[in-house]
Asks: 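Quick one: the structure is below, questions incoming.
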Amino acid sequence: MKIGHISLFFSRFLLFAVLALLPLGCAVAPRTAPQPIAVDTYRSEIDDSEAKAFFAYAEFRLLATGNRWDEAIAALRRAVVFDPETEYLRMSLAKALLHKDEAAESIELLQKILQQAPGNAEGHELLGDLLGYQKNYEGAVAHYQQALQLDPDNEMLRLRLAMTFGRLGQGEKAISLLENMVAEQPDAKLAHLSLARFYLENRQPEKAKSA
């Protein structure tokens, strides 16, 4: 046998031997013992209020998708209990309550939110809507105006404020607001239509034609 063939033979043999013995060695070699679970750390993770709030909110989203509002609201209430400081959860609950015609509780919750976070434009807007629904137009105007100070480019909010002025019999304020909207946004069709309506109600037919 030539030397080259011998070296090739031994190299193949050694490779086979290593491969053959490797499973045996792995089986025989002592394995590292699994580390014990840090029970206290695990429990602290399970008891994490923010984590519980997250999972409760996820449950709410799933239930709400199926229009199971009683269960969805119950899940969202749990989320708020677990994490009462998160404004988003409380706002979500205020909105969800409307699916069960719980406007009074929603208003109470929004008032508490706005006491703590007066810069919440969405909260002022939603509270304005609910107060307007209850025909508390003065209260609605106050919250719409606060919302507009925080979100001045909200076109629908400005329209709702104009409509609320109209319900209070303050047509001139509605007209002034809508005229400013039309000047700033010439393509705002709803603003044009609303302005024409207020012109007619205030006996200004010529302006209504050009609105």
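Computed from a predicted structure; not experimentally measured.
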Asks: Using a 4.5 Å cut-off on heavy atoms from C-beta on, say whether the side chain of Gln146 contacts that of Leu114.
Replies: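 Answer no - side chains too far apart.
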Asks: How close do Lys100 and Ile73 get, heavy atom to heavy atom, and via which atoms?
Replies: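 Answer, listing the atom of Lys100 first, then Ile73: CG-CD1, 3.4 Å.
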Asks: Do Tyr144 and Leu130 sit in one hydrophobic cluster, given that two such residues count as connected whenever their side-chain heavy atoms are within less than 4.5 Å of each other, even indirectly?
Replies: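 No, no single cluster joins them.
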Asks: Within the distance-only criterion (no hydrogens, no angle test), does the side chain of Ser106 pair as donor or acceptor with the backbone N or O of Glu102 below 3.5 angstrom?
Replies: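 Judged by distance alone, no pair lies under 3.5 Å.
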Asks: Are Leu157 and Val141 joined in one hydrophobic group, where the rule is that I, L, V, M, F, W and Y side chains link up if heavy atoms are under 4.5 Å apart?
Replies: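 They do share one cluster, since a chain of ILVMFWY contacts under 4.5 Å joins Leu157 to Val141.
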Asks: Which heavy atom in Trp69 sits nearest to a heavy atom in Ala96, and how many Å separate them?
Replies: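 Answer, listing the atom of Trp69 first, then Ala96: CZ3-CB, 4.1 Å.
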Asks: Taking C-beta and beyond as the side chain, do Met156 and Leu190 meet within less than 4.5 Å on heavy atoms?
Replies: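 Yes - at least one pair of side-chain heavy atoms lies under 4.5 Å apart.
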Asks: Can you measure from CG (Asn154) to CD (Glu125) and round to the nearest 0.5 angstrom?
Replies: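 Going from CG on Asn154 over to CD on Glu125, the span is 5.0 Å.
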Asks: Would you indicate whether the side-chain heavy atoms of Asn120 and Leu110 approach each other to under 4.5 Å?
Replies: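 No; the side chains remain at least 4.5 Å from each other.
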Asks: For a quick test of reading the model, state the closest non-hydrogen atom pair linking Leu63 to Ala75 and the distance between them.
Replies: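 Taking every non-hydrogen atom into account, CD1-CB, 4.3 Å.
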Asks: Side chains of Tyr199 and Glu179: any donor to acceptor distance under 3.5 Å?
Replies: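 A donor-acceptor contact under 3.5 Å links the two side chains.
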Asks: Any salt bridge (charged side-chain N to carboxylate O under 4.0 Å, His left out) pairs touching residues 76-87, not counting sequence neighbours?
Replies: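 As it turns out, the salt bridge (charged side-chain N to carboxylate O under 4.0 Å, His left out) pairs with a partner in residues 76-87, which skip direct neighbours, are Glu59-Arg78, Arg77-Glu105.
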Asks: Evaluate the side-chain proximity of Lys173 to Leu168: yes if any heavy-atom separation is below 4.5 Å, no if none is.
Replies: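 Leu168 does not reach Lys173 side chain to side chain.
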Asks: For a quick test of reading the model, state the closest non-hydrogen atom pair linking Val80 to Leu93 and the distance between them.
Replies: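 In this case the closest contact between Val80 and Leu93 is CG2-CD2, 4.2 Å.
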Asks: Work out which heavy atom in Ala147 is nearest to a heavy atom in Ala121; give both atom names and the distance.
Replies: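 Answer, listing the atom of Ala147 first, then Ala121: CB-O, 3.7 Å.
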Asks: Is there a donor-acceptor contact under 3.5 Å from the side chain of His124 to the main chain of Gly119?
Replies: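 Such a contact is absent between His124 side chain and Gly119 backbone.
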Asks: How many angstroms lie between OG in Ser92 and CZ in Arg61, if you round to the nearest 0.5 Å?
Replies: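 Separation between the atoms: 8.0 Å.
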Asks: Just by modelled atom types, is the Phe198 backbone N or O under 3.5 Å from a matching donor or acceptor in the Asn202 side chain?
Replies: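 Between the backbone of Phe198 and the side chain of Asn202 there is a qualifying donor-acceptor contact (under 3.5 Å).
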Asks: Are Leu109 and Leu126 connected, step by step, through hydrophobic side chains (Ile, Leu, Val, Met, Phe, Trp, Tyr) whose heavy atoms are closer than 4.5 Å?
Replies: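 Same cluster.
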Asks: For Gln134 versus Ala103, what's the shortest heavy-atom pair and its separation?
Replies: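 Smallest interatomic distance, heavy atoms only, reads NE2-CB, 4.4 Å.
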Asks: Taking atom CG of Asp153 and atom CD of Gln185, what is their separation to the nearest 0.5 Å?
Replies: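 Taking CG in Asp153 and CD in Gln185, the distance rounds to 7.5 Å.
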Asks: Is any side-chain heavy atom of Phe55 closer than 4.5 Å to a side-chain heavy atom of Phe60?
Replies: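 Heavy-atom side-chain distance check fails, nothing below 4.5 Å.
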Asks: I want to check something: taking the side chain as every heavy atom from C-beta on, are Met91 and Lys95 in contact at a cut-off of under 4.5 Å?
Replies: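 Side-chain contact under 4.5 Å: yes.
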Asks: Between atom CD1 of Ile107 and atom OH of Tyr133, what is the distance when rounded to the nearest 0.5 Å?
Replies: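 Here the interatomic distance stands at 10.5 Å.
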Asks: Just wondering, do Leu159 and Leu177 contact through their side chains at under 4.5 Å, heavy atoms?
Replies: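 They are not in contact (no side-chain heavy atoms under 4.5 Å apart), so the answer is no.
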Asks: I'd like to know if the side chain of Thr164 reaches the main chain of Arg160, judged simply by a donor and an acceptor atom lying under 3.5 Å from each other, with no hydrogens or angles considered.
Replies: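 Checking the backbone N and O of Arg160 against the side chain of Thr164, a donor-acceptor pair under 3.5 Å is found.
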Asks: I'd like to know if Phe165 and Leu148 are part of one continuous hydrophobic network [Ile/Leu/Val/Met/Phe/Trp/Tyr, side-chain heavy atoms within less than 4.5 Å].
Replies: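 Yes, same cluster.
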Asks: Are Ile175 and Leu161 co-members of a hydrophobic cluster defined by side-chain heavy atoms under 4.5 Å apart?
Replies: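 In one cluster with Leu161: Ile175, no.
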Asks: Is the shortest heavy-atom distance from the side chain of Tyr88 to the side chain of Tyr57 under 4.5 Å?
Replies: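 When only atoms from C-beta onward are counted, Tyr57 and Tyr88 do touch, with a gap below 4.5 Å.
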Asks: Show, in sequence, the C-alpha distance, side-chain angles and deciding distance for Leu127 and Ile113, and conclude whether the side chain to side chain contact (heavy atoms under 4.5 Å, CB included) test is met.
Replies: CA-CA 10 Å; Leu127 184 52; Ile113 291 171; over 6 Å; no
